[in-house]
Novice: 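Encoded as structure tokens, here's the structure I'll be asking about.
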Protein chains: 4
Amino acid sequence: MARRVTGDRANGERPANGSLEEPVRQRLLAEATRLFAGRGFESTSVQEIVAAAGVTKGAMYHYFDSKDDLLHEIYARVLRLQMERLNRFADAEGPVADRLHAAATDVVVTTVDNLDDSKIFFRSMHQLAPETYKSVRAERRRYHERFRDLVVEGQRAGVFRDDIPAEMVVDFFFGSVHHLGTWYHPDGPLTGQEVGRHFADLLLNSLRP
Amino acid sequence: MARRVTGDRANGERPANGSLEEPVRQRLLAEATRLFAGRGFESTSVQEIVAAAGVTKGAMYHYFDSKDDLLHEIYARVLRLQMERLNRFADAEGPVADRLHAAATDVVVTTVDNLDDSKIFFRSMHQLAPETYKSVRAERRRYHERFRDLVVEGQRAGVFRDDIPAEMVVDFFFGSVHHLGTWYHPDGPLTGQEVGRHFADLLLNSLRP
Amino acid sequence: MARRVTGDRANGERPANGSLEEPVRQRLLAEATRLFAGRGFESTSVQEIVAAAGVTKGAMYHYFDSKDDLLHEIYARVLRLQMERLNRFADAEGPVADRLHAAATDVVVTTVDNLDDSKIFFRSMHQLAPETYKSVRAERRRYHERFRDLVVEGQRAGVFRDDIPAEMVVDFFFGSVHHLGTWYHPDGPLTGQEVGRHFADLLLNSLRP
Amino acid sequence: MARRVTGDRANGERPANGSLEEPVRQRLLAEATRLFAGRGFESTSVQEIVAAAGVTKGAMYHYFDSKDDLLHEIYARVLRLQMERLNRFADAEGPVADRLHAAATDVVVTTVDNLDDSKIFFRSMHQLAPETYKSVRAERRRYHERFRDLVVEGQRAGVFRDDIPAEMVVDFFFGSVHHLGTWYHPDGPLTGQEVGRHFADLLLNSLRP
DNA sequence: GATGAATGAGCATTCATTCAT
DNA sequence: AATGAATGAATGCTCATTCAT
């Protein structure tokens, strides 16, 4: 297991300036994200990553156990971020329809803001080592479940139709979200907000009893 | 361009259809589909494919120009099938809502019936050579346009809401369809028909004015 | 051993129109010569040759035993032609200096007229099977000896300097001839005749006592 | 571009120079030269080279970009050496005939001393990548031009005949030199010096007005 | 922390040749 | 006389990873 630079900050305090504190590690993650999104995980060589980050292979293997580990770290970052945001919206005050609408809009906006992460996620997930793969799937499932709970809440409250399993509604909606990477372009006619609102409208409309 | 087998079985008799009688080309396509769906395009070696098909590498390169060409042929087959079916449903008689519902149900059923093809499509498409990639995207776009025309037709007829661009509705729906490969299991609780109906219901409901 | 189409014309009679009688074999030799000269023997595939000649591989292996055999036939043709011409000039009437000058001029002209053959000769000779290689070398040696005899004849007659071994003079001169392929261009400023005369002048001058 | 070994032996001490102490890069160049001369570039596999040098393929690709690059390095070494020597002789004191004679003798001696390099040069040059090929040809042309200047100098001084283009005299002479590899054997009756003197005599004699 | 030489297994692809038809 | 499917061995090259320094 490669030593983490954060390893000795287990008390949770954060460096004052994240991007300057661990520049090599951050740069490696950033370049790997960009390259994996562009060419795919398998088609990106460690050599390309380290060259893009301006470091040597030795440096990369100092911070990460393997190329696979690099991918895993990218996933961990995405998962952490999405879960945090979902919790914030789901736990807010107000009618469940409003909270679901807000959460749905936000996940679109966040996805669009981190489109590279999104592209990588579904294209390269199956390249993870089995153990890692399982843990990522599990984390992902927890995220879906949190979202599904909102749907169930609405169904129980009678504001959403309940003849379609909530589970499937979630898969239906996230399929749409995950495919943003295949068609959305930041310099296209629509902002992330606009797409987010439309998607949320479609979701809420589809749930009307 | 690799030569195509020109079935010299013009009399119509068919092989007993033990897998060993199957023409080499078909066997290669079938095994490649299975393996690409399982491990991804990049992680599947030509050696694995030919071993699975019980032929030699030379035979594969007799029928296909490259590993890339093999992937392209798989795509071409899928695209052809889907376009045919969509046309059949779109050109049928009846109200546009019914036709859209039928087409939406059918694309889900077909996807579920060829789940390997679906898995390959979005995971490996970007590994195609640029030229091939473009032609596949173009074909895909034509398919989406045909589907979008149905939505537009309904919007003009006033039976669908028109405050969301038809284009986006299509991307929204097909995102869901294309992600079936990540969660649907043939031996799960739901048949393809059931999922298809639910998906079509959600689509139609989301379009209610 | 591949059958030769000429095999059943052992009596020596020739077809009225050589190029139409054995079109396939001639076309194969012609295209092979062109391609070997351009890319080298090893870098030219049998596939390229048969494609250029507009026939199939099977046809090529009907007329020639192997790719090596094809090269050998090219050599045999060149060697035959050159030996015939040298004999004609060497056996003519007149002073030895004139005969050597004429022979030297002619070999340059012939080389320039068949530049592809010349390019192939020294680039690809060592790719021949050992046995074939030996027989080509032997034939080549006979050619050199016939040429050397002219030099010796002149040295004995006292018209050529004899302090340099005749053998070496021949190697000296043919080195120059064989390298024509690396610099001479048919559409350059000089005709083959002009180069031939200059080369012969240089040779004769260098032999002045 | 493959990285070059940056001899960290700045103190000047040398390895015992048993062939195992020799740097990997040098050993690869030496063995490649030997094998290319023997079998030709195309017929020599990278596997054969690395086996002969006692290293792995990976090591070779660490020092050289490709098999092509290996050939290019051999060429660069030869070209550098020959240009240096020619300059030394051409820029010396004395009559132009003496300087040309000395330079001509030297190029023969050097060629004979590095006969493998010479064999490779004309047999395999056309296998280089187009760009590399051009640069080698250009360097070669500069060498020829330097030599030609000596001939022109003699023609202007009236000590050489000027009815034959100097350019052609150079091609004539270097053809002879480059073909040494096809007939000269170190263990034959003549030393390189002897051949060099004879060749230079023939050249100078051929230039007598 | 970081280097860079070296590994060794694996990759897609090419190719001359064969052979049943 | 000619086809074209199939072979199987070889080829140049890439790559994630290791390790002495």
Side-chain angles (χ1 to χ4, degrees), chain A residues 2-3 5 22-25 41-50 54-70, chain B residues 2-6 8 23-25 28 41-50 54-70, chain C residues 2-3 5 22-25 41-50 55-70, chain D residues 2-6 8 23-25 41-50 54-70:
Chain A
R3 247 176 307 152
V5 176
E22 295 180 15
V24 173
R25 187 165 198 275
F41 177 77
E42 292 281 347
S43 300
T44 303
S45 71
V46 170
Q47 182 52 48
E48 286 172 315
I49 299 168
V50 299
V55 301
T56 63
K57 281 187 189 180
M60 196 219 98
Y61 279 96
H62 178 73
Y63 287 106
F64 301 95
D65 292 333
S66 62
K67 190 185 168 190
D68 206 273
D69 186 34
L70 202 43
Chain B
R3 262 154 290 169
R4 301 283 169 265
V5 181
T6 46
D8 36 25
V24 171
R25 191 180 141 82
L28 282 165
F41 177 77
E42 292 281 347
S43 300
T44 303
S45 72
V46 170
Q47 182 51 48
E48 286 172 318
I49 298 169
V50 299
V55 301
T56 62
K57 280 188 193 180
M60 195 220 100
Y61 280 97
H62 181 71
Y63 289 102
F64 300 95
D65 293 330
S66 60
K67 190 186 168 190
D68 206 273
D69 186 36
L70 200 43
Chain C
R3 247 178 307 155
V5 176
E22 294 180 14
V24 174
R25 189 168 197 274
F41 177 77
E42 293 281 347
S43 300
T44 303
S45 72
V46 170
Q47 182 53 46
E48 286 171 317
I49 298 169
V50 299
V55 301
T56 62
K57 281 187 190 179
M60 196 221 96
Y61 279 96
H62 179 72
Y63 288 106
F64 301 94
D65 292 331
S66 62
K67 190 186 168 191
D68 205 273
D69 187 35
L70 202 42
Chain D
R3 266 153 287 169
R4 301 284 168 264
V5 181
T6 45
D8 36 25
V24 171
R25 192 180 141 84
F41 177 77
E42 293 280 348
S43 300
T44 303
S45 72
V46 171
Q47 182 51 48
E48 286 172 315
I49 298 169
V50 299
V55 301
T56 61
K57 277 188 198 180
M60 196 220 97
Y61 281 97
H62 181 70
Y63 289 103
F64 301 95
D65 293 330
S66 60
K67 192 187 167 190
D68 206 272
D69 187 35
L70 200 43

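Here is how names work: the chains are called A, B, and so on, in the same order as the sequence lines, proteins then strands, and each is numbered from 1. From a predicted model like this one, the values you see are computed outputs, not experimental measurements.
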Novice: Nearest to the side chain of His62(B), heavy atoms from C-beta on, is which of dG1(E), dT3(F), dA5(F)?
Specialist: dA5(F)
Novice: Under the rule for side-chain contact (heavy atoms from CB on, under 4.5 Å), what residues qualify as partners of Thr56(C), not counting sequence neighbours?
Specialist: Ala59(C)
Novice: To the nearest 0.5 Å, what is the distance between CD1 on Ile49(B) and NZ on Lys67(B)?
Specialist: 6.5 Å
Novice: Sticking with atom C1', work out how far dG1(E) lies from dT21(F), rounded to a whole angstrom.
Specialist: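 Result for the C1' pair: 13 Å, nearest Å.
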Novice: Atom pairs, N/O to N/O, protein against nucleotides 15-17 of chain F, distance under 3.5 Å?
Specialist:
from    : atom 1 : to       : atom 2 : distance (Å)
dA16(F) : OP1    : Thr44(A) : O      : 3.4
dA16(F) : OP1    : Lys67(A) : NZ     : 2.9
dA16(F) : OP2    : Val46(A) : N      : 2.8
dT17(F) : OP2    : Tyr61(A) : OH     : 2.7
dT17(F) : OP2    : Lys67(A) : N      : 3.0
dT17(F) : O5'    : Tyr61(A) : OH     : 3.4
dT17(F) : O4     : Lys57(A) : NZ     : 3.2

Novice: Side-chain contact, heavy-atom cut-off 4.5 Å: Leu70(B) with Tyr63(B)?
Specialist: no
Novice: Can you check the Phe64(C) CZ to dA16(E) P distance for me, whole Å?
Specialist: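 My rounded result for the distance is 15 Å.
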Novice: What's the spacing between Asp65(D) CG and Tyr61(D) OH if we round to 0.5 Å?
Specialist: 10.0 Å
Novice: To the closest 0.5 Å, what do you measure between NZ (Lys57(D)) and CD (Gln47(D))?
Specialist: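 Interatomic distance, Lys57(D) NZ to Gln47(D) CD, rounded to 0.5 Å: 5.0 Å.
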Novice: Find the distance Leu70(C):CG to dC15(E):P and express it as a whole number of Å.
Specialist: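 Nearest whole value for this atom pair: 16 Å.
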Novice: Between Tyr63(A) (OH) and dG1(E) (C1'), how many Å, whole number?
Specialist: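 Distance, rounded to whole Å: 7 Å.
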Novice: Go ahead and write out DNA chain F as dot-bracket, 5' to 3': ( ) for pairs within the strand, [ ] for ones crossing earlier pairs, | when the partner sits on another strand, dots for unpaired; Watson-Crick or G-U wobble, both distances under 3.5 Å.
Specialist: .||||||||||||||||||||
Novice: Considering residues at least two apart in sequence or located in another chain, which fulfil the side chain to side chain donor-acceptor pair (under 3.5 Å) criterion with Ser43(A)?
Specialist: Glu42(B), Gln127(B)
Novice: List the residues meeting side chain to side chain donor-acceptor pair (under 3.5 Å) with Ser66(D), not counting sequence neighbours, and say none if there are none.
Specialist: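 In terms of side chain to side chain donor-acceptor pair (under 3.5 Å), with neighbours along the sequence ignored, Ser66(D) is linked to no residue.
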